[in-house]
Amino acid sequence: MKISITDHGSGIMFEFARVIGADVQGRFINIPESKGGGYITGFSWGNNLRMMIRNYHLNEDVFIERTNELAEDNESVIFLLSGIFPSSGKIEENLSVEKANVLICKHAVTSIMEMPSNTIFRNVTIAVSRQYLKELFGGVKHPVVESILSAKENFVFETGISAEIIKTASEMLRQSIPESFESHFYKLKCEEILCYIFALLIQRKASPTSTMHIEDIKAIYAIKFRLESNLDVSPNIAVLASEAKMSEPKMRKLFKQTFGKGIFEYYQTLRMQEAARLLKDKRLTVSEVGYQLGFTNLSHFSRVFEQHIGMKPKKYSVS
């Protein structure tokens, strides 16, 4: 399904609901069974801050093309926190789960949204005006923070999810305060999550950031997809650079700028996250996981796993 929506500054949640025929009850949009299941909800605090919670799955692929009708100087910064809610235990086994991460970009970068079928979306999107962000974090001196607050060109940064972010997001789902306090509660939680995100970003090495054009962003994310799709094959830097139509130094710089890690380090992190999933969720043996992810030496696999996860794979599988 392809949907075209115009965003006049208040978000696209209710327009999306109208197009797919969702049932709206107060601030909750319930996905019809014919389209999938679950809900969307959210709050808006004027033009400065908006929040949307997605906790649903779809039966078919959905592509949203969004046209922005916002003043250029009022364009928001988007913080998309994916895969941060725990499983409800009621989801069918054949559904995929989003990878947990935080994506930060200018509003314009998200003009095309892809929502693949049979994928569980458990995420929070926070849209914040530049002015409001400057009021909150203008005193933080770090190249990444300064880019988010003032960069005129497109940018994308991605980081992992901290335990504090997961805890705060879970509190948003489980809140039990009176309805009259809900708006204030969620606003505080959004600001709390933003604090935790910026706390992660300032842990990066303070290196100057480079401008990224939209084609650069697409190329870097194509590399990310290539790494995710080939966890059993060590990345070939020369081949990746050729496919991205970039010099190797530029590719390395923009990749590390975006994800906070070099290509091989990022690849190993993905590899170990998948190893942890296979051990815990699929109940595979250590040797099955190691060989499936391209390790020929299980002792080496065990050492790498312990470096990333904090314990040996055998212990992790039974913990």
Side-chain angles (χ1 to χ4, degrees), residues 80-89 91 93 95-104 119-124 144 157-171 173 193 196-205 220-221 223-237 240 252 255-319:
L80 173 58
L81 299 92
S82 299
I84 60 172
F85 297 134
S87 170
S88 65
I91 302 297
E93 289 186 1
L95 296 180
S96 301
V97 179
E98 289 180 304
K99 285 185 168 54
N101 59 43
V102 181
L103 173 70
I104 307 156
T119 298
I120 306 164
F121 299 97
R122 297 195 186 102
N123 58 52
V124 172
V144 173
F157 299 105
E158 190 173 306
T159 186
I161 300 286
S162 67
E164 291 81 7
I165 290 175
I166 292 173
K167 178 177 180 293
T168 303
S170 297
E171 290 169 355
L173 282 188
I193 284 176
Y196 291 136
I197 292 172
F198 278 89
L200 289 174
L201 293 174
I202 64 173
Q203 293 177 23
R204 296 187 178 190
K205 183 179 178 182
I220 291 301
Y221 270 83
I223 293 170
K224 177 191 176 184
F225 179 75
R226 175 75 174 265
L227 298 179
E228 290 174 337
S229 304
N230 297 276
L231 294 178
D232 59 335
V233 181
S234 185
N236 184 312
I237 299 299
L240 292 176
R252 290 178 185 272
F255 190 96
K256 190 166 187 177
Q257 174 178 302
T258 301
F259 300 107
K261 296 178 179 179
I263 292 174
F264 188 75
E265 182 185 1
Y266 188 84
Y267 161 75
Q268 284 289 53
T269 300
L270 289 175
R271 221 176 175 195
M272 294 306 103
Q273 288 173 345
E274 177 64 4
R277 187 188 74 83
L278 293 174
L279 288 168
K280 192 70 92 175
D281 297 345
K282 299 300 182 181
R283 300 296 180 184
L284 299 186
T285 66
V286 173
S287 58
E288 286 172 333
V289 172
Y291 291 134
Q292 184 168 320
L293 292 175
F295 286 90
T296 56
N297 185 319
L298 292 181
S299 296
H300 178 54
F301 166 59
S302 183
R303 286 194 301 273
V304 174
F305 187 92
E306 187 175 13
Q307 288 169 2
H308 283 78
I309 307 300
M311 63 178 73
K312 293 188 180 300
K314 181 65 176 178
K315 183 177 180 181
Y316 179 84
S317 65
V318 298
S319 63

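- Here the closest heavy-atom approach between residue Pro235 and residue Tyr267 is recorded as CD-CD2, 3.5 Å.
- Between Leu293 and Ala275, the shortest heavy-atom distance links the atoms CD1-CB, 3.5 Å.
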Distance-only check: which donor-acceptor pairs under 3.5 Å involve side-chain atoms of residues 224-233, not counting sequence neighbours?
residue : atom : partner : partner atom : Å
Lys224  : NZ   : Glu158  : OE1          : 3.3
Lys224  : NZ   : Glu158  : OE2          : 2.9
Arg226  : NH1  : Glu243  : OE1          : 2.4
Arg226  : NH1  : Glu243  : OE2          : 2.6
Ser229  : OG   : Phe225  : O            : 2.8
Asn230  : ND2  : Arg226  : O            : 2.8

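- Put simply, the side chain of Leu80 reaches to within 4.5 Å of the side chain of Asn123, judged on heavy atoms.
- Rounded to the nearest 0.5 Å, atoms OG (Ser287) and CD (Gln292) are 11.0 Å apart.
- Contact check for Ile197 versus Leu81: side-chain heavy atoms found under the 4.5 Å cut-off.
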Stepwise side chain to side chain donor-acceptor pair (under 3.5 Å) test for Glu171 and Thr168: CA-CA 5 Å; Glu171 290 169 355; Thr168 303; 4.6 Å; no
Worked check of salt bridge (Lys or Arg N to Asp or Glu O under 4.0 Å) between Arg271 and Glu274: CA-CA 5 Å; Arg271 221 176 175 195; Glu274 177 64 4; over 6 Å; no
Candidate pair Phe255 and Ile223, rule side-chain contact (heavy atoms from CB on, under 4.5 Å), full reasoning: CA-CA 9 Å; Phe255 190 96; Ile223 293 170; 3.8 Å; yes
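- With contacts defined as side-chain heavy-atom distances shorter than 4.5 Å, the pair Leu173/Phe85 qualifies.
- Put simply, CG on Asn101 and OG on Ser82 are 5.0 Å apart, with the number rounded to the nearest 0.5 Å.
- His308 contributes a side-chain N or O that, together with a main-chain N or O of Val304, makes up a donor-acceptor pair within less than 3.5 Å.
- Taking the six-membered ring for Trp and the full ring otherwise, Tyr221 and Phe259 have centroids separated by under 6.0 Å.
- Expressed to the nearest 0.5 Å, how far NZ of Lys315 lies from NZ of Lys312 amounts to 10.0 Å.
- Within the model, atoms CD1 of Ile166 and CD1 of Ile161 stand 6.5 Å from one another, a figure rounded to the nearest 0.5 Å.
- Closest non-hydrogen pair, Gly290 versus Leu298, comes out as CA-CD2, 4.1 Å.
- Using a cutoff of 4.0 Å between basic side-chain nitrogens and carboxylate oxygens, Lys167 and Glu164 are not scored as salt-bridged.
- The two residues Ser302 and Pro313 come nearest to each other via the heavy atoms OG-CD, 3.4 Å.
- In this structure, Phe295 has its ring center no closer than 6.0 Å to that of Tyr291.
- In terms of modelled atom types and a separation under 3.5 Å, the side chain of Arg204 and the main chain of Gln257 share a donor-acceptor contact.
- By the 4.5 Å heavy-atom criterion applied to side chains, Thr159 and Gln203 are not counted as neighbours.
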Stepwise side chain to side chain donor-acceptor pair (under 3.5 Å) check, Lys280 with Ser319: CA-CA 9 Å; Lys280 192 70 92 175; Ser319 63; 3.2 Å; yes
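- In this structure, the separation between CZ on Arg122 and CD on Glu98 is 9.0 Å, given to the nearest 0.5 Å.
- Between Thr285 and Leu279 there is no side-chain heavy-atom pair separated by less than 4.5 Å.
- Separating the OH atom in Tyr196 from the CD1 atom in Ile165 is a distance of 9.0 Å, to the nearest 0.5 Å.
- Side chain of Gln268 to backbone of Glu265: no donor-acceptor contact under 3.5 angstrom is found.
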side-chain contact (heavy atoms from CB on, under 4.5 Å) assessment of Ile237 paired with Arg252: CA-CA 9 Å; Ile237 299 299; Arg252 290 178 185 272; 3.5 Å; yes
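- Inter-residue side-chain proximity for Lys256 and Lys261 is flagged as unmet; no heavy-atom pair is nearer than 4.5 Å.
- Between Phe305 and Val286 there is no side-chain heavy-atom pair separated by less than 4.5 Å.
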